[in-house]
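Working notes, structure below.
Numbered from 1 within each chain, the chains take letters A, B, ... in sequence-line order. These values consider heavy atoms only, across backbone and side chains, with no hydrogens, waters or symmetry-generated copies.
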There are 2 protein chains.
Amino acid sequence: MPAVKKNKYHHGDLRQTLMDISVDIIEKQGIHALNLRSLASLAGVSSGAPYHHFADRAALLGAVAQEGFEKLQAALVREGASVVGNPSERLAALGSAYVLFAVSHRGHFRVMFRADIHNDAHEALTNSSDRAFQLLREAIEACQQAGTAPPGDPQPLVLCAWATVHGLATLCVDSHPAKLGMPPEQLAPMITGLTSQMFSALARTATSSKSPKPSS
Amino acid sequence: MPAVKKNKYHHGDLRQTLMDISVDIIEKQGIHALNLRSLASLAGVSSGAPYHHFADRAALLGAVAQEGFEKLQAALVREGASVVGNPSERLAALGSAYVLFAVSHRGHFRVMFRADIHNDAHEALTNSSDRAFQLLREAIEACQQAGTAPPGDPQPLVLCAWATVHGLATLCVDSHPAKLGMPPEQLAPMITGLTSQMFSALARTATSSKSPKPSS
DNA sequence: GCTCAAATCTAAGCATCGCTTAAATTTTGC
DNA sequence: GCAAAATTTAAGCGATGCTTAGATTTGAGC
């Protein structure tokens, strides 16, 4: 029974418990519905207890965002390791994984990209997102070497792919499902597949034309 | 001097004044920094006055979002009317206008796509965004007819373009400028131009191949 | 020009929420 | 075991969203 210490003055792992409940509330009711008093109540502690684990509400949300970025990176690494196809398929799979992470971790995702949460201070947080960005860059550079993405500076391609995937994720997370016309599980592979197809198509026209730069 | 009625019991146009100040605060300090007391103080009225123009804080933000969507649609229509080039250039110009609207109206943009603001109720709001979506669809269908976008169901292309442009806008609005490598005024045309180029490239391969569907 | 209803605003206050402080309780290192 | 450190409680301060009751102004109709 005592998988978690109960009926004790000290809570088993209050810090993680608070984060878990927060994610649940944010997923179901949005960030605005999260207040520390009811959160503490749900965790079974007094309203002052959370402040010994988080400096303030923003720090709690920052920790949730941090956890989200770590989970996202893990999901992308897992997906990248499991896809054995060509670089284009790998790129599309990575993009789909990004979108599907967002819809299956709405609570985390809603916090991760809120500028008013992690303003400046959190370096560890930006580091985590940078690593995810780096994975995308590597996947695109692999496409370039395979000839399924236009050659030249990869930065425009990376930003384009990132923007597409991130925009699609935000749309899936916050829009009414009917507006998109199909469930994210179907939509994500379609759009990311389309994008990687377009990279290939542009690579073909770029190599057969005079201008090798994707920005031309 | 009395361009706006002053020193009178009734404020000239308190409703619009409150919205204008709100946009300014949100742009400079974020949504979290907006509270109705200091807002009323800045407008020179008592703290209860705003509630005669907005039911609550969410209604105020909803009105700001509504105004933002109207301005966005106007900006897109203006851009669409001024571009005389081919459909591909028009599509790219529309996309750039979307991104540049976001960065030059950060206050509005930050509110427009917050699910926790306009949850359900505001029909007029979704109507405004739907019209912007419709403009994009028409631009893409024009590309299809001109042969500079792959034929078939335009919905995947529309969603892809929307996601790209919307993702890029959110990145430009909330990310540190250094992370993007160049100012939005330069970045937006580059990415939207790249996307319309890719539509063209895919159209060429699609027409010369057996599968006409962009989703294949 | 007067009257009275509607619209607008003020003043005061309630309830909630973020956060702090001081003390009580439990755990942990030695 | 014991003292120090960590965790929690209880109580409360200040700020903020929102409400209520009443005062002031405006404007439409006679």
Check the phosphate of dC9(C) against His53(B), side-chain N and O only, distance under 4.0 Å to OP1 or OP2. Yes or no? yes
Please identify each residue that fulfils side-chain hydrogen bond (donor to acceptor under 3.5 Å, both in side chains) with Ser38(B), with sequence neighbours left out. Asn35(B)
Suppose we screen for ring-ring contact (aromatic ring centres under 6.0 Å, His included). Which residues come up paired with His105(A), at least two apart in sequence or across chains? Phe101(A)
Who are the salt bridge (Lys or Arg N to Asp or Glu O under 4.0 Å) partners of Arg106(B), not counting sequence neighbours? none
Along nucleotides 11-18 of chain C, 5' to 3', which nucleotides get a B, which get an S, and which get a -, given that the test is a protein heavy-atom distance under 4.0 Å? --B---BB
Would you confirm whether the ring centroid of Phe69(B) sits within less than 6.0 angstrom of the ring centroid of Phe109(B)? no
Suppose we screen for ring-ring contact (aromatic ring centres under 6.0 Å, His included). Which residues come up paired with Tyr98(A), at least two apart in sequence or across chains? Trp162(A)
Mark yes or no for a side-chain to base donor-acceptor pair under 3.5 Å between His52(A) and dT7(D), with no hydrogen or angle criteria applied. no
Quick one: Leu42(B) CG to dT16(D) P, roughly how many Å, whole number? 12 Å
Leu39(A) atom CG is separated from dT8(D) atom P, nearest whole Å, by 13 Å
What residue pairs, at least two apart or across chains, pass salt bridge (Lys or Arg N to Asp or Glu O under 4.0 Å) with a residue in residues 159-188 of chain B? Asp130(A)-Lys179(B), Arg110(B)-Asp174(B)
Rounded to whole Å, how long is the line connecting atom CG of Leu61(B) with atom C1' of dT16(D)? 14 Å
